[in-house]
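Remember, it's a predicted structure, so these values are computed and weren't measured experimentally.
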Amino acid sequence: MSLKNFNILIFIFLISLVTYPSELLSGKVIDCKTSLPLMGAEILINNQENINTRVAISDFDGFFEIKVSDEIKEIIIKYPKYKDFKINIEEEEEDDLGEIVLLKRGCKKRF
């Protein structure tokens, strides 16, 4: 095997390590009363190695995307003066989490 072929195999192996174990999740964070998007909501991951590590922030439209691997079991969405929202990744079948309604005092659950 030549050095060039060996380098190509190493490159393919490294690319597969980076891309294979991750899945892209997306969602939109909205307010419980107004149904308006919440810009700047923190999306955190929980796993054994990284507890409450911020991986994303919702944009102007409340939209976010994060890459999750098999080790990540739960994500938490935080926004000031709102209750934290936890999502168990293992139970989710879809890549799109849809609208995530954050609750605060005075809001009733819309589920």
Side-chain angles (χ1 to χ4, degrees):
M1 177 187 276
S2 71
L3 183 60
K4 183 178 179 181
N5 289 341
F6 182 74
N7 287 339
I8 291 172
L9 285 175
I10 294 287
F11 178 74
I12 291 171
F13 175 74
L14 291 174
I15 292 295
S16 67
L17 283 178
V18 172
T19 59
Y20 176 74
S22 61
E23 176 182 355
L24 190 63
L25 288 179
S26 63
K28 182 176 181 179
V29 183
I30 62 172
D31 177 83
C32 60
K33 283 185 178 178
T34 64
S35 296
L36 293 174
L38 293 174
M39 177 180 72
E42 290 183 298
I43 292 63
L44 311 169
I45 60 169
N46 266 352
N47 64 18
Q48 294 160 350
E49 298 153 7
N50 303 313
I51 296 175
N52 291 337
T53 303
R54 183 174 67 186
V55 292
I57 296 179
S58 61
D59 66 10
F60 183 76
D61 296 320
F63 183 77
F64 68 89
E65 286 185 336
I66 60 170
K67 286 186 180 180
V68 294
S69 62
D70 292 337
E71 298 88 38
I72 298 172
K73 306 297 182 209
E74 178 180 70
I75 64 170
I76 300 169
I77 300 173
K78 291 186 172 203
Y79 196 78
K81 299 184 180 181
Y82 287 77
K83 294 180 183 177
D84 294 352
F85 193 89
K86 295 181 181 182
I87 300 171
N88 187 338
I89 299 299
E90 294 174 323
E91 295 175 0
E92 291 298 322
E93 297 176 9
E94 297 285 325
D95 293 341
D96 182 7
L97 300 173
E99 289 185 343
I100 300 163
V101 180
L102 295 188
L103 301 174
K104 63 181 178 180
R105 183 176 290 192
C107 286
K108 295 181 181 177
K109 289 186 179 181
R110 299 182 345 175
F111 310 105

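Residues Ala41 and Ile77 share a closest heavy-atom pair of CB-CG2, 4.2 Å. Ile30 and Glu99 make their closest contact through CD1-OE1, 3.4 Å (heavy atoms, listed as atom of the first residue, atom of the second, distance).
A distance of 9.0 Å separates CG in Asp59 from CD in Glu65, rounded to the nearest 0.5 Å. Here CD1 of Ile89 is found 8.5 Å from CD of Glu74. Values are rounded to the nearest 0.5 Å. In this structure, Asp61 CG and Leu38 CG are separated by 12.0 Å, a value rounded to the nearest 0.5 Å. Ile57 contributes atom CD1, which lies 12.5 Å from atom CD1 of Ile66 (distance to the nearest 0.5 angstrom). Going from atom NZ of Lys81 over to atom NZ of Lys104 covers 8.5 Å, rounded to the nearest 0.5 Å. To the nearest 0.5 angstrom, Ile76 atom CD1 is 11.5 Å from Ile43 atom CD1.
The ring-ring contact (aromatic ring centres under 6.0 Å, His included) analysis of residues 57-84, with sequence neighbours excluded, yields the pairs Tyr79-Tyr82.
Applying side-chain contact (heavy atoms from CB on, under 4.5 Å) to Ile75 and the options Leu97, Asn88, Ile100, Leu44 leaves one that passes, Leu97.
With sequence neighbours excluded, the residues satisfying salt bridge (charged side-chain N to carboxylate O under 4.0 Å, His left out) with Asp84 are Lys78.
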